[in-house]
Amino acid sequence: MSQYVLRRLLIAIPSLLGISAVLFFVLALAPGDPFSELATNPNVPPEVQAALRAKFGLDDPIYLRYVHWLNAMLHGDWGFSFVSRMDVDKLILQRLPTTLYVIGSAQILALLIAIPVGVYAATKPYSLFDQVANTLAFVGFSLPTFFTGILFILIFSVTLDWLPFVYTTDIKGTGIHWVFEMIRQAIMPVAVLGLFQAASMTRFVRSAMLDVIRLDYVTTARAKGLGQAKVIVKHVMRNAMIPVVTLIALQIPAVFGGAIVTEQIFRIPGIGSLLISSILSNDTPVVMAVTFVFACLVVLFNLIADILYGWLDPRISFR
């Protein structure tokens with residue numbers, strides 16, 4: 001198993017290098033400049049502008065700029081935000097916990113809904129429960145997150161006045177009151193993302209379970225006298241979860257994309273909203289760092305998925 005994990009790590013490293021190169025060259029060739037505001041500011045002398053451009057290497061060849069950026073990243077220097085006037089790594093570390101809290105909670109919610117509903121629907125195919133679950137899954141997957149987000153705000157914030165629709169990190173209070181308010185303001189964004197992911201996962205879990213539940217070894221396990229619950233949990237679910245893990249890993253980019261929209265709707269101060277504001281202000285170092293963080297998280301979750309493959313089916317780790 002350790003050799004299997006090591007092989008996957010060795011694959012992840014060149015993947016990150018390739019992603020970083022593509023991101024850097026695309027952003028470097030895109031229109032706009034971090035010092036575009038300075039160029040139009042009459043209070044900044046041309047010699048000062050030239051000195052700043054020389055200091056940050058903006059006039060160097062693009063390949064040389066990439067080498068300098070990569071070397072700085074490896075040494076923990078992620079650049080400087082020209083808009084926020086602070087180091088990029090500090091800016092991202094201020095926002096990243098909020099994004100991970102919302103996305104992580106949404107994924108947990110999606111799994112808590114999708115796995116039991118999908119498993120039970122597969123054990124009772126074409127029953128009333130199965131038909132209702134399929135209908136709700138189709139509806140949930142068809143509705144985009146920006147629509148459900150606005151709908152939740154209209155119902156639970158404007159009409160019922162139960163939940164706040166603006167997310168804030170400076171909640172006044174301590175102890176249980178602070179925890180309660182943090183959970184209360186996270187309910188709607190987590191529900192929007194979690195229900196959207198649960199809709200597609202439910203259909204996939206049901207399909208994977210149906211593919212496995214009809215195999216001969218499952219019939220043999222039942223013929224040996226094993227109970228239905230033991231057959232489903234021990235013999236069916238473990239094999240059926242392999243394609244589900246693949247789906248979850250592939251959905252991570254979509255989750256982060258949906259989180260960007262959701263953060264804009266609920267005014268969540270995460271790295272998604274930071275990315276949007278940085279793009280609008282041509283803050284290239286921040287855009288580059290945030291997109292690279294997204295890429296690292298996607299590669300990390302795919303690495304975790306590969307490790308789970310080896311745990312669910314030990315034969316995979318020996319191939």
Side-chain angles (χ1 to χ4, degrees), residues 1-8 11-12 103-143 190-191 193-255 258 297-319:
M1 186 67 178
S2 58
Q3 293 182 354
Y4 171 74
V5 174
L6 181 61
R7 289 199 305 267
R8 295 301 170 184
I11 293 174
I103 290 178
S105 302
Q107 283 296 98
I108 293 173
L109 175 63
L111 292 173
L112 290 177
I113 295 174
I115 292 179
V117 172
V119 169
Y120 189 76
T123 59
K124 306 285 185 182
Y126 309 112
S127 64
L128 178 61
F129 179 86
D130 185 30
Q131 293 177 10
V132 172
N134 282 329
T135 302
L136 293 177
F138 278 122
V139 172
F141 187 72
S142 302
L143 297 177
V190 168
L193 284 173
L195 294 177
F196 181 78
Q197 296 299 317
S200 60
M201 283 186 198
T202 300
R203 290 283 302 166
F204 208 84
V205 170
R206 177 186 179 274
S207 177
M209 288 288 296
L210 286 176
D211 288 340
V212 176
I213 208 169
R214 296 166 180 158
L215 296 179
D216 292 339
Y217 82 91
V218 178
T219 305
T220 303
R222 287 189 177 126
K224 289 181 177 179
L226 294 179
Q228 175 74 354
K230 191 171 185 179
V231 170
I232 295 298
V233 174
K234 187 175 180 181
H235 295 278
V236 179
M237 278 188 63
R238 183 160 183 170
N239 287 324
M241 286 300 106
I242 294 177
V244 175
V245 169
T246 303
L247 174 71
I248 295 173
L250 293 176
Q251 277 189 337
I252 294 299
V255 174
L297 291 174
V298 171
V299 172
L300 173 63
F301 281 109
N302 278 274
L303 178 62
I304 294 173
D306 288 337
I307 296 173
L308 288 176
Y309 293 156
W311 176 74
L312 290 170
D313 188 352
R315 295 173 298 176
I316 295 176
S317 60
F318 291 103
R319 292 177 183 173

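Count residues from 1 along the sequence. Computation of the quantities below employed the complete heavy-atom set of this structure, encompassing side-chain atoms and omitting hydrogens, waters and symmetry-equivalent molecules.
When side chains are defined from C-beta on, Ile213 counts as touching Ile232, because their heavy atoms get closer than 4.5 Å.
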Tabulate below the donor-acceptor pairs under 3.5 Å that side-chain atoms of residues 193-202 make, not counting sequence neighbours, or state none.
residue, atom, partner, partner atom, Å
Ser200, OG, Gln197, O, 3.1
Ser200, OG, Gln251, NE2, 2.6
Thr202, OG1, Ala198, O, 2.6

Under 3.5 Å, which donor-acceptor pairs do the side chains of residues 128-140 form with other protein atoms, sequence neighbours left out?
residue, atom, partner, partner atom, Å
Asp130, OD1, Asn134, ND2, 3.2
Asp130, OD1, Arg206, NE, 2.7
Asp130, OD2, Tyr126, N, 2.8
Asp130, OD2, Arg206, NE, 3.3
Asp130, OD2, Arg206, NH2, 2.8
Gln131, NE2, Tyr126, O, 3.4
Asn134, OD1, Arg203, NH1, 2.7
Asn134, ND2, Asp130, O, 3.2
Thr135, OG1, Gln131, O, 2.8

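Formation of a donor-acceptor pair under 3.5 Å by the Ser207 side chain with backbone atoms of Phe204 is not found in this model.
Val190 is linked by a side chain to side chain contact (heavy atoms under 4.5 Å, CB included) to Val102, Ser105, Ala106, Leu109, Ala186, counting only residues two or more places apart in sequence or in another chain.
The salt bridge (Lys or Arg N to Asp or Glu O under 4.0 Å) pairs that include a residue from residues 107-120 number zero, where partners must be two or more places apart or lie in different chains.
Closest approach of Pro116 and Leu111 over heavy atoms only: CD-O, 3.7 Å.
Here the CG atom belonging to Leu210 is positioned 9.0 Å from the OG1 atom belonging to Thr123, to the nearest 0.5 angstrom.
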